[in-house]
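Taking it in order: structure first as structure tokens, then the write-up.
Chain letters run A, B, ... following the sequence lines, proteins first, then strands; residues in each count from 1.
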Amino acid sequence: MEIILKIKALKGFKDIVPDEIELWNFIDKTARSVFERFNFSEIRMPILEATELFARSIGETTDIVEKEMYTFPDKKITMRPEATASMLRAYIENGLYAKKPVQRLFTIGPMFRHERPQKGRLRQFHQLDVEVLGSENSLVDAELMAMGALFFNELGIDVSLELNSLGCPECRPGYRKILIDYITTRLDNLCSDCKRRAHTNPLRVLDCKVPGCREQIKSAPSVQDHLCQGCRTHFDNVQKGLEMLNIEYSLNKFMVRGLDYYCKTTFEFITGDLGAQSAVAAGGRYDGLIEELGGPKNSPGIGFAMGVERIVLLLQQQKSVLESAEIDLYIAGIGEPGALSGYRLAHQLRKEGWSVAMDHEGKSLKSQMKQADKANARYTLIIGESELEKGKGLLRDMKNRDAEQVDVELSATAIVNRLQQ
RNA sequence: GUGGGCGUAGCUCAAUUGGUCAGAGCACCUGGUUGUGGCCCAGGAGGCUGGGGGUUCAAGUCCCCUCGCUCACCCCA
């Protein structure tokens, strides 16, 4: 290489090269297909938002807000670290709640968090995000999880669903106090991280990975045993809904959420195939958030986000490779007259809807045939000098190697007829 | 922010205790078939071994620094 490339992509930012994009499109296509069957509509929001939107929804003291956001120097504008807050802002700002009492929305796009990259975690990453705004019915919770399960099933990847309830502003503080008491009496047996968490984020002690901590946590008080009447009923009904739809799940009383706005139902689709990153999708209910952001009073909501990069990794290791795309025709011109005749013909066929490839580098026929093969062409049209004198070319079927003479100068009908078969 | 591992051709990786060690496979190009793809055969191009400094008669190999990648912790999709 003559030119030394000094400029590289930023740490944690990645190109999605053509070989990978098929996988991304497959995910995208599957998502749209599934979400539309559940009557979800797509919405797209800007990537930049007011910093305050995230500070208020995600939580001022969360790591995301405190140290992971890409915020511009004036401190008022931030590249979104997640989609829910933006979507709620759009829902409120556009008065969507007034147009339809319950909105079912999904979006897909890049999110940004300034973290140290590792497997399945980038600084620019992509999420598929679905939200149901305006319903507090537990059947919605279960339906959303069922939709996630169906999505992963149709992708052909193996994940399992875990469920928990975090309680609500009414019952969580009580549980929190009980938990802190429990932790405090065993502080000496916990790791240094957990000693710190005891003050900053006691719930996080529950999912510490250190064996010694896990030992202590085993007998820790469970949220599920300290739910208020409303949360208890809701939680039970969510499970009934899942059972009604035959969705497999397991309860995980240690499952915690990182974002402040969650309440009641929380769930994750997890895998053991992504190293430290077990969550492929995660979400939950956030009943007070819409109102807090200036939306209508008493408007509940629930949603979850799927990490697209993580799904891509799973597809790459769990599923056989997708067939590469096929093109209809490759035109191999021999000599300038053949190449020019093919040049014209290619455009004509493309206008009629066919995918056509050809080479403009004056390569040998053998080389062009190789390219046709590599491009996965159904047919190759060879336009040589001797046939061209009669206005003919040789159309070759790349699978069975049959070849026939066809008109190339007067009309493309014969070629089109072949392609239509 | 903290800790571990690794940087050799476009990709995946070799190179005995420092001593022809700059290699292989895949991919690419050309030819075998003056005009016919996949298989095969022959040949070709492609590297200041991430960068800098040091030790040595001799460094891809050892030491230091630096940059980058990666995995993990924290945190999280």
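- With a cut-off of 3.5 Å on both Watson-Crick or G-U wobble distances, the partner of B/C62 is given as B/G54.
- B/G7 is paired with B/C67 under the criterion used here, namely a Watson-Crick or G-U wobble arrangement in which both key atom distances are under 3.5 Å.
- Nucleic acid contact for A/Glu66: none, since no nucleic acid atom lies under 4.0 Å from a heavy atom of the residue.
- Aromatic pair A/Phe35/A/Phe106: centroids less than 6.0 angstrom apart.
- Taking atom CD on A/Glu131 and atom P on B/A77, their separation rounds to 12 Å, with Å as the unit.
- Side-chain proximity of A/Leu365 to B/G35, B/C74, B/C76: nearest is B/G35.
- The residues A/Arg104 and A/Glu143 are annotated as salt-bridged, a charged nitrogen and a carboxylate oxygen being separated by less than 4.0 angstrom.
- In this structure, B/C21 makes no Watson-Crick or G-U wobble pair, since no nucleotide meets both defining distances under 3.5 angstrom.
- Rounded to the nearest Å, the gap between the C1' atom of B/C69 and that of B/U8 is 15 Å.
- A salt bridge links A/Lys67 with A/Asp63: the distance from a Lys NZ or Arg NE/NH1/NH2 to an Asp or Glu carboxylate oxygen falls below 4.0 Å.
- In this structure, A/Val416 and A/Trp354 have side chains that are in contact, with non-hydrogen atoms separated by less than 4.5 Å.
- Among the heavy atoms of the strands lying under 4.0 Å from A/Val280 are primed sugar atoms or P, OP1, OP2 only; no base atom is included.
- Across all strands shown, B/A15 has no partner, as no Watson-Crick or G-U wobble contact with both distances under 3.5 Å is found.
- We find that NE2 of A/His114 is positioned 19 Å from P of B/C74, with the value rounded to whole Å.
- Counting only residues at least two apart or in different chains, salt bridge (charged side-chain N to carboxylate O under 4.0 Å, His left out) contacts with residues 105-118 of chain A comprise A/Glu115-A/Arg121.
- Between the base of B/G32 and the side chain of A/Lys366 there is a donor-acceptor pair shorter than 3.5 Å.
- Proximity of A/Arg310 to the phosphate of B/C76: no side-chain N or O atom is located under 4.0 Å from OP1 or OP2.
- Closest to the A/Lys119 side chain, of the nucleotides B/A77, B/C71, B/U36, is B/C71.
- You'll find the side chain of A/Ile108 reaches within 4.5 Å of the side chain of A/Glu42, heavy atoms only.
- Spacing between B/A9 and B/G5 at atom C1', rounded to whole Å, works out to 23 Å.
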Pair A/Ser192-A/Arg196, side chain to side chain donor-acceptor pair (under 3.5 Å): steps then yes or no: CA-CA 6 Å; A/Ser192 55; A/Arg196 174 176 51 77; over 6 Å; no

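- In terms of position along RNA chain B, the nucleotide closest to A/Arg116 lies nearer the 5' end than the nucleotide closest to the other residue of the pair A/Arg116 and A/Val256.
- In terms of phosphate contacts, A/Lys14 brings a side-chain nitrogen or oxygen within less than 4.0 Å of OP1 or OP2 of B/U70.
- Atom-to-atom, CG of A/Asp129 to P of B/A77 comes out at 11 Å; the value is rounded to the nearest Å.
- Between the side chain of A/Arg113 and the base of B/C75 there is no donor-acceptor pair of N/O atoms closer than 3.5 Å.
- A donor N or O paired with an acceptor N or O is not found under 3.5 Å between the base of B/G35 and the side-chain atoms of A/Gln368.
- Taking side-chain N and O atoms only, A/Lys370 has no distance below 4.0 Å to OP1 or OP2 of B/C29.
- When distances run from any side-chain atom of A/Lys374 to the nucleotides B/C28, B/A77, B/C75, the shortest one goes to B/C28.
- Ion pairing between A/Arg56 and A/Glu52 holds under the 4.0 Å rule for side-chain N and carboxylate O.
- Between A/Gln127 and B/A77 there is no side-chain N or O to OP1 or OP2 distance below 4.0 Å.
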Stepwise side chain to side chain contact (heavy atoms under 4.5 Å, CB included) test for A/His234 and A/Arg285: CA-CA 11 Å; A/His234 188 90; A/Arg285 186 163 276 286; 3.5 Å; yes

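- A 3.5 Å limit on both hydrogen-bonding distances identifies no Watson-Crick or G-U partner for B/C75.
- Pair assignment for B/G37 gives none, since no Watson-Crick or G-U wobble pairing has each distance under 3.5 Å.
- Residue A/Arg196 contributes atom CZ, which lies 6 Å from atom C1' of B/C74 at whole-angstrom precision.
- When each of A/Gly120 and A/Lys399 is assigned the nucleotide of RNA chain B bearing its nearest heavy atom, the one mapping closer to the 5' terminus is A/Lys399.
- Put simply, CD on A/Glu389 is 14 Å from C1' on B/G35, counting in whole angstrom units.
- Among the atoms of the strands shown, none is found under 4.0 Å from any heavy atom of A/Leu128.
- A/Glu292 and A/Ser57 share no donor-acceptor pair across their side chains, judged by distance under 3.5 Å alone.
- Side chain A/Ser386 to base B/G35: a donor-acceptor pair is found below 3.5 Å.
- Aromatic rings of A/Phe304 and A/Phe267 (six-membered ring for Trp) have centroids within the 6.0 Å cut-off, being under it.
- Using a 4.0 Å cutoff on non-hydrogen atoms, the parts of residues 261-276 of chain A near RNA chain B are A/Gly275, A/Ala276, ordered by number.
- Between the side chain of A/Ser355 and the backbone N or O of A/Asp328, at least one donor-acceptor pair lies under 3.5 Å.
- Contact annotation for A/Met306: no contact, since no heavy-atom pair falls under 4.0 Å across all strands.
- A 4.5 Å side-chain heavy-atom check between A/Met369 and A/Lys374 finds every atom pair outside the cut-off.
- Rounded to whole Å, the distance from NZ on A/Lys209 to P on B/C75 is 9 Å.
- Within the 4.0 angstrom heavy-atom criterion, base atoms lie near A/Arg121.
- The residue A/Asp373 sits close to a base: some heavy atom pair falls under 4.0 Å.
- No engagement by A/Leu313 is indicated, since no non-hydrogen atom pair under 4.0 Å with the nucleic acid exists.
- Only the C1' atoms considered, B/G52 is 16 Å distant from B/G60, to the nearest whole Å.
- Here the nucleotide nearest the side chain of A/Ala282, chosen from B/G37, B/C75, B/A77, is B/A77.
- When the P atom of B/C76 is taken as reference, atom CD of A/Glu68 falls 8 Å away, rounded to whole Å.
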Between the protein and nucleotides 66-68 of chain B, which nitrogen or oxygen pairs come in under 3.5 angstrom?
residue, atom, partner, partner atom, Å
B/G68, O2', A/Lys8, NZ, 3.3

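- Residue A/Gln118 places at least one side-chain N or O closer than 4.0 Å to OP1 or OP2 of B/C73.
- Checking B/C29 for Watson-Crick or G-U wobble geometry (two distances, each under 3.5 Å) identifies B/G43 as its partner.
- Nucleotides B/G3 and B/C21 have their C1' atoms positioned 35 Å apart, rounded to a whole Å.
- Ionic pairing of A/Asp402 and A/Arg396 is not present here: no N-O contact between side-chain nitrogen and carboxylate oxygen is shorter than 4.0 angstrom.
- Picking from B/C29, B/U36, B/C76 the nucleotide with the shortest atom distance to the side chain of A/Met369 gives B/U36.
- Comparing the same atom, C1', in B/C26 and in B/C63 gives a spacing of 36 Å after rounding to whole Å.
- Nearest to the side-chain atoms of A/Ala279 among the listed nucleotides B/C74, B/A72, B/A77 stands B/A77.
- In this structure, A/Glu309 places its CD atom 13 Å from P of B/U70, rounding to the nearest Å.
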